[in-house]
Asks: 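Just dropping this structure here.
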Number of protein chains: 2
Amino acid sequence: MEIRKIFAANLKRYRQARGLSQEELAHRAELDRTYISALERCVYAASIDVVGRIAEVLEVKPSDLLVETVE
Amino acid sequence: MEIRKIFAANLKRYRQARGLSQEELAHRAELDRTYISALERCVYAASIDVVGRIAEVLEVKPSDLLVETVE
DNA sequence: ACATTCTGCAGAGTATACTCCGTGGTGAAA
DNA sequence: TTTCACCACGGAGTATACTCTGCAGAATGT
């Protein structure tokens with residue numbers, strides 16, 4: 001599984017679980033709304049700084065966002 | 001703990017545990033030697049693509065490289 | 001139908017990740 | 001001392017992450 005897809009899936013899943021829109025998450029993490037959208041579509045490879053900031057907002061560990069979910 | 005420091009510490013620790021030099025790791029991960037050096041000194045925030053490639057060479061999960069070690 | 005919220009996406013610009021060249025310093029072994 | 005493997009670090013260039021603006025489509029509610 002590509003790491004971008006893993007990250008994108010976890011990002012979207014945790015974001016929706018917290019009831020946050022892309023815009024609200026972007027604002028809290030001080031990122032651009034369209035960038036969050038792009039990350040969920042695997043357009044870019046986020047830097048670990050961004051992973052850390054998003055994890056903080058979503059109240060998960062940074063490593064959680066890179067864990068491949070077994071389902 | 002800053003995420004760059006966590007990543008840098010894990011990178012260095014796993015690399016040395018595998019008995020790899022920065023240059024050998026760089027070659028296997030198709031990255032530049034000076035870049036690996038810089039990552040271990042927290043100069044840059046690696047992209048998750050790079051995290052994935054390094055994890056593969058070190059034979060660990062990408063998320064392992066972002067886990068804060070308790071010590 | 002209409003308004004509103006959310007998201008996808010394009011284009012252009014800026015910041016920074018990443019490469020490639022080099023130099024020099026340290027420590028271990030011959 | 002000399003050699004050698006390893007690493008820190010600088011500078012300049014290229015690739016790409018990230019921002020900003022704007023427009024349009026889908027979904028939801030009135």
Side-chain angles (χ1 to χ4, degrees), chain A residues 1-69 71, chain B residues 1-69 71:
Chain A
M1 178 83 146
E2 279 178 42
I3 195 169
R4 289 195 194 190
K5 290 187 181 176
I6 295 172
F7 176 70
N10 287 328
L11 167 55
K12 187 168 189 172
R13 189 163 50 82
Y14 283 121
R15 177 179 66 78
Q16 293 179 334
R18 301 291 181 271
L20 295 175
S21 65
Q22 292 178 347
E23 185 156 17
E24 181 62 25
L25 169 60
H27 181 253
R28 296 192 192 182
E30 294 181 297
L31 292 168
D32 194 79
R33 179 191 70 76
T34 66
Y35 182 55
I36 298 294
S37 169
L39 286 182
E40 291 188 356
R41 286 176 289 118
C42 303
V43 175
Y44 301 115
S47 71
I48 59 174
D49 283 358
V50 164
V51 173
R53 283 154 68 184
I54 290 177
E56 197 169 351
V57 171
L58 295 178
E59 296 177 305
V60 297
K61 290 170 290 182
S63 58
D64 289 339
L65 294 175
L66 294 189
V67 169
E68 185 160 12
T69 55
E71 77 179 279
Chain B
M1 179 83 146
E2 280 177 40
I3 196 168
R4 288 194 196 192
K5 291 187 181 177
I6 295 172
F7 176 69
N10 287 327
L11 167 54
K12 187 168 188 172
R13 190 165 49 84
Y14 282 121
R15 177 179 66 79
Q16 293 180 335
R18 302 290 182 271
L20 295 176
S21 66
Q22 292 178 347
E23 184 156 17
E24 181 61 26
L25 169 61
H27 181 253
R28 295 193 193 181
E30 294 182 298
L31 291 168
D32 195 78
R33 170 184 61 82
T34 66
Y35 182 55
I36 298 294
S37 169
L39 287 181
E40 291 187 357
R41 287 176 288 120
C42 302
V43 175
Y44 301 115
S47 71
I48 60 174
D49 282 358
V50 164
V51 173
R53 282 153 68 185
I54 291 177
E56 197 169 354
V57 171
L58 296 178
E59 296 177 305
V60 297
K61 290 170 289 181
S63 58
D64 288 339
L65 294 175
L66 294 189
V67 170
E68 186 160 12
T69 55
E71 81 181 87

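Below, chain A is the first sequence line, B the second, and so on; all start at residue 1.
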Asks: Out of dC20(C), dA8(D), dC6(C), which has the shortest distance to the side chain of Ser21(A)?
Replies: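 Selected nucleotide (nearest to the side chain): dC6(C).
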
Asks: Examine dA8(D): is either OP1 or OP2 under 4.0 Å from a nitrogen or oxygen in the side chain of Gln22(B)? Give yes or no.
Replies: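 Result: yes.
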
Asks: Within a reach of under 6.0 Å around CD of Gln16(B), are more than 12 heavy atoms found that belong to other residues, nucleotides or ligands?
Replies: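 Yes.
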
Asks: Would you kindly compare Arg33(B) and Ser47(B) by the position of their nearest DNA chain C nucleotide and give the one closer to the 5′ end?
Replies: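 The residue mapped nearer the 5' terminus is Ser47(B).
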
Asks: Below 4.0 angstrom from OP1 or OP2 of dC6(C), is there any side-chain N or O of Arg15(A)?
Replies: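 No, no such contact exists.
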
Asks: Of all heavy-atom pairs between Pro62(B) and Gly52(B), which one has the smallest distance, and what is that distance?
Replies: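 Scanning both residues, the minimum pair turns out to be CG-CA, 4.4 Å.
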
Asks: Take atom CG of Leu39(B) and atom P of dA17(C), then tell me their distance rounded to the nearest Å.
Replies: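 Rounded to whole Å, this separation is 10 Å.
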
Asks: Quick one: label Arg4(B) by what it contacts on the DNA or RNA (base, sugar-phosphate, nothing), any heavy atom closer than 4.0 Å.
Replies: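 If one applies the 4.0 Å heavy-atom cut-off, Arg4(B) turns out to touch the sugar-phosphate alone, with no base involved.
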
Asks: Consider the side chain of Ala45(A), meaning its heavy atoms from C-beta on, and name the nucleotide among dC9(C), dG10(D), dA17(D) that approaches it most closely.
Replies: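 My answer, after comparing the listed nucleotides, is dA17(D).
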
Asks: Looking only at non-hydrogen atoms, find the nearest pair between Leu39(B) and Tyr44(B) and report the distance.
Replies: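 Reported closest heavy-atom pair: CD2-O, 3.9 Å.
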
Asks: Closest to the Asp32(B) side chain: dA17(C), dC20(C), dA17(D)?
Replies: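 Of all the options, the side chain of Asp32(B) is nearest to dC20(C).
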
Asks: Looking across every strand, which nucleic acid part, if any, lies under 4.0 Å from Glu30(A) by heavy atom: base, sugar-phosphate, or nothing?
Replies: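 Glu30(A): backbone/sugar contact only, no base atoms under 4.0 Å.
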
Asks: Please report the distance, rounded to the nearest Å, between CD in Glu23(B) and P in dC6(D).
Replies: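 In whole Å, dC6(D) P and Glu23(B) CD are 8 Å from each other.
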
Asks: Round to a whole Å and report the spacing from NE2 of His27(A) to P of dT19(D).
Replies: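 Atom-to-atom, His27(A) to dT19(D), this comes out as 13 Å.
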
Asks: Rounding to a whole Å, what distance do you find between Asp49(A):CG and dT16(C):P?
Replies: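 It is 10 Å, rounded to the nearest whole Å.
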
Asks: Grab the two heavy atoms, one from Ser47(A) and one from Ala45(B), that are nearest each other, plus how far apart they are.
Replies: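 Answer, listing the atom of Ser47(A) first, then Ala45(B): CB-O, 3.7 Å.
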
Asks: Report yes if at least one side-chain N or O of Ser37(B) is closer than 4.0 Å to OP1 or OP2 of dA8(D); otherwise report no.
Replies: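 So the side-chain polar atoms of Ser37(B) do come within 4.0 Å of the phosphate oxygens OP1 or OP2 of dA8(D), strictly under.
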
Asks: In this structure, how many angstroms lie between the P atom of dC9(D) and the CD1 atom of Ile36(B), rounded?
Replies: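 Distance, rounded to whole Å: 16 Å.
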
Asks: Rounding to a whole Å, what distance do you find between Leu11(B):CG and dA17(C):C1'?
Replies: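 Value for this atom pair: 15 Å.
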
Asks: Step through the shown structure and confirm whether more than 12 heavy atoms of other residues, nucleotides or ligands are within 6.0 Å of CD on Glu40(B).
Replies: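 Counting other residues, nucleotides and ligands, CD of Glu40(B) exceeds 12 neighbours.
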
Asks: How many whole angstroms separate atom OH of Tyr44(A) from atom P of dT14(C)?
Replies: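 Between P of dT14(C) and OH of Tyr44(A): 16 Å.
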
Asks: When the nearest nucleotide of DNA chain D is assigned to Ile48(A) and to Thr34(B) on a heavy-atom basis, which residue is associated with the more 5' position?
Replies: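 Upstream on the strand: Thr34(B).
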
Asks: How many whole angstroms separate atom CD of Glu40(B) from atom P of dC9(D)?
Replies: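 Checked: the CD to P distance equals 12 Å.
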
Asks: Classify the nucleic acid contact of Ala46(A) as base, sugar-phosphate or nothing, counting any heavy atom under 4.0 Å across all strands shown.
Replies: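 Result for Ala46(A) = sugar-phosphate.
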
Asks: Using a cut-off of 4.0 Å on non-hydrogen atoms, how would the nucleic acid contact of Glu24(A) be classed: base, sugar-phosphate, or nothing?
Replies: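 Since no nucleic acid heavy atom lies under 4.0 Å of Glu24(A), the category is nothing.
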
